[in-house]
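See below for the structure under consideration.
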Amino acid sequence: MVHEKLDAYIVPSADPHQTEYTHPHWRSRAWLSGFTGSVGTVVVLQDEAGLWTDGRYFIQADRELQGSEIDLFKMNMPGVPELIDWLVEKVPQGGVVGLDGRLITASQAKKWRSRLGEKTIRLVCDVDLVEPLWMDRPALPAAPAKMHAIEFAGCSVADKLGKIREAMAERAAETYLLSSLYDIAWLFNIRGNDTPHTPLLTAYALVEMESAMLFTDEQKISTSVRSSLSESGVEIKSYESVFASVENLPESCAVYLCEDRVSTRLRQSIPTGCRVIDGKDLTELPKARKNPTEIKNWVKVHELDGAAMVRFWKWQEKALANGESISECDAADKLEAFRRASPECLDISFTSISAYGPNGAIVHYAPRPEICAKLLPQGLYLIDSGGQYEGGTTDITRTIALGEPTDGERTDYTLVLKGLINLSSARFPKGTAGNNLDVLARQFLWEHGMDYAHGTGHGVGYYLNVHEGPQNLSQSKRSDTPLEPGMVVTIEPGIYKENRHGIRIENMVVVVDDGETESGAFYRFDTITLCPIDTAPLKLDLLVQAEIDWLNEYHRMVYDRLSPHLSSEERDWLAGKTQPVSKFEHT
Ligand SMILES: [Mn+2]
């Protein structure tokens, strides 16, 4: 910092593409601070340093920062300054703040620059102090890229480029600069292996009216991938050369990009004579509206995924009955093995949340082999997991009673299920967004004075990231993207009682047409997840007949669709789990 004449240096926790799950190569904030959570930014001054993270990580950050001389700043807590306000206070008038401008977005840099400017502090975005200091830095991944075949993608690269060019023309854009790896993977029907549990290829792209360029590590591109892309008019260039290509854009060229995704470094490389049009990535909505081929494949994939869940649940039940010792990690590993037993499953889609008893109340709990809990034949067990298949990504949560549930567990479990059923059964007019529907999953909990501190559901990528926008289901004002046919979301209400239990039930659903009335077009959800929902912890008195009908109907579908994939012993077990329930069976 002294050498670079910096008063402060910022180390964010991002890669150059704002990818949700980053490769270890990009975890420089964790390397510097010792804090390993997914969200956090370190600011270093000459004689002090701070780390900002959110409520999910206060306890972990406090522990991991011990002895580091880095102070913890708990974001959004009363009296805790925001990072930028703290900087403005600490850095002298006319001072200089540095960072690696590849790691923050153009819009973030714009906000910081204007705030720092109030005290004539400069933000310098081309200083990488980490690279020369991080000696044992993990190498960038080198796994080869592959095409996502048309029988999975359902739409050719040429057709996708055609649609994107139409959207560019509507916005009078001549060049479109992309840096989101999800959007690049979708647009070019290409997949890599550069991020944990997400088949992404690290790349940038420039789409012009007559040509398209993909900037990536050329070592990862085989002759067949190169020729396949070339047939669609896509040229491969080296990853780093994106900066030169952008710098050499003709003056007065109209460049479309998303400033919430593109890094400030790349944004600054655009010649000043160019007209920059900032907007959402043009790929975002076409990627979110899954085509019929994608939906058809995804529905099939859920049969494989559901069969793996059935085998897992059956194994766990038997192992516990036999008094075997199973830890949360053993259970997660076993489920992964059941998924990977089908050759179509290429990876899990995220680190499983395998949480027993009170651990279920920690929403982002990830068990660690050294300290994870042992499962006992009592209490609730929560398993949130998913798989990566070329025909779609899955995300499913089930909460299972390992023994006789308590009255409180039964009430909470039943209220969560009522929310899932209520929202899954919704019929809604065209134009309805997630924040109009979210309450349907919460209303029964609210009646009992309970709530959950997370969204009700998120979009899901197709052999891509398990979390995908722009649509989602939540209370947030930002959850305002209208749901459209072909969009896939999760529905995952829950309830979390600290030191007692956590409950969440999650299915994936697809938005489908549901007829035209005098009020216009209506839509509904079709559930595509196939796995029994534990009926043992239900309090049937709390369910109305329509909810019982929904559950029995769902279980009939689960049995019919999964049984062809199962052995006769597994089928018998599934028949028991999907047995119809009735309000009067216990009288
Ligand atoms: Mn989910």
Side-chain angles (χ1 to χ4, degrees), residues 15-19 102 105-106 140 144-148 153 155-169 171 173-195 198-221 225-250 253-267 269-270 274 276-288 461 463-465 468:
D15 72 0
H17 306 272
Q18 301 295 320
T19 312
R102 294 173 303 165
T105 64
L140 279 167
K146 64 179 182 188
M147 297 305 293
H148 195 209
C155 186
S156 71
V157 177
D159 286 347
K160 288 180 178 178
L161 283 169
K163 279 183 206 143
I164 295 306
R165 286 180 178 128
E166 276 171 35
M168 287 165 63
R171 289 158 182 84
E174 293 155 286
T175 296
Y176 174 25
L177 174 60
L178 284 100
S179 81
S180 154
L181 303 187
Y182 317 115
D183 295 77
I184 290 169
W186 174 81
L187 179 57
F188 297 99
N189 286 347
I190 197 165
R191 298 293 189 271
N193 199 5
D194 291 349
T195 42
T198 316
L200 297 172
L201 173 70
T202 306
Y204 295 101
L206 268 179
V207 178
E208 305 194 326
M209 283 303 169
E210 304 296 331
S211 63
M213 282 160 274
L214 184 67
F215 302 89
T216 189
D217 178 353
E218 291 177 278
Q219 305 274 359
K220 295 176 184 168
I221 305 295
V225 168
R226 188 182 286 269
S227 74
S228 164
L229 283 171
S230 154
E231 280 165 28
S232 313
V234 181
E235 193 189 341
I236 307 285
K237 296 193 156 193
S238 77
Y239 181 66
E240 283 299 328
S241 71
V242 69
F243 289 96
S245 287
V246 168
E247 280 161 18
N248 291 324
L249 285 171
C253 163
V255 186
Y256 189 92
L257 54 81
C258 176
E259 292 197 335
D260 288 333
R261 299 275 189 83
V262 166
S263 74
T264 187
R265 264 289 290 289
L266 202 49
R267 173 68 183 78
S269 304
I270 299 172
C274 291
V276 172
I277 309 162
D278 170 35
K280 298 255 179 248
D281 269 313
L282 303 174
T283 41
E284 202 177 61
L285 274 175
K287 172 165 59 78
Y463 190 40
L464 275 178
N465 201 24
E468 179 181 286

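When a residue number appears, it is its place in the shown sequence, counting from 1.
- Under the side chain to side chain contact (heavy atoms under 4.5 Å, CB included) criterion, T283 pairs with I164, Y176, L178, D183, W186, L187, D281, not counting sequence neighbours.
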List the atom pairs, with distances to 0.1 Å, where a side-chain N or O of residues 207-217 and a protein N or O form a donor-acceptor pair under 3.5 Å, not counting sequence neighbours.
residue: E208; atom: OE2; partner: T175; partner atom: OG1; Å: 3.2
residue: T216; atom: OG1; partner: T202; partner atom: O; Å: 2.8
residue: D217; atom: OD1; partner: Q219; partner atom: N; Å: 2.9

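- Residues C274 and V255 approach most closely at CB-CG2, 4.1 Å, considering heavy atoms.
- Legend: residues meeting salt bridge (charged side-chain N to carboxylate O under 4.0 Å, His left out) with R165, ordered by chain and number and at least two apart, are absent.
- For the residue pair C155 and K163, the shortest heavy atom distance occurs at SG-NZ, 3.9 Å.
- The salt bridge (charged side-chain N to carboxylate O under 4.0 Å, His left out) test applied to K220 returns D194, not counting sequence neighbours.
- When the side chain to side chain donor-acceptor pair (under 3.5 Å) test is applied to T105, the partners found at least two apart in sequence or on another chain are S107.
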(message) Between K287 and L464, is the side-chain contact (heavy atoms from CB on, under 4.5 Å) condition met? List the steps.
(response) CA-CA 11 Å; K287 172 165 59 78; L464 275 178; 4.3 Å; yes
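- Taking the side chain to side chain contact (heavy atoms under 4.5 Å, CB included) definition, one finds that L285 meets it with R289, P470, T481, E484, M487, sequence neighbours left out.
- Just one of I190, T195, L181 meets the side-chain contact (heavy atoms from CB on, under 4.5 Å) condition when paired with L201; it is I190.
- Not a single donor-acceptor pair under 3.5 Å links the side chain of T198 to the backbone N or O of N465.
- Applying the side chain to side chain donor-acceptor pair (under 3.5 Å) test to Y204 and every residue at least two apart in sequence or in another chain returns nothing.
- Applying the side chain to side chain donor-acceptor pair (under 3.5 Å) rule to T19 yields the partners D15; only residues at least two apart in sequence or on another chain are considered.
- Between G461 and E468, the shortest heavy-atom distance links the atoms CA-OE1, 3.0 Å.
- The side chain to side chain contact (heavy atoms under 4.5 Å, CB included) check on E218 picks up R226, I236, S238, with sequence neighbours excluded.
- Under the side chain to side chain donor-acceptor pair (under 3.5 Å) criterion, S156 pairs with D159, sequence neighbours left out.
- Not counting sequence neighbours, the partners of Y463 by the ring-ring contact (aromatic ring centres under 6.0 Å, His included) test are H148.
- Every side chain to side chain contact (heavy atoms under 4.5 Å, CB included) that D278 has, sequence neighbours left out, goes to E259.
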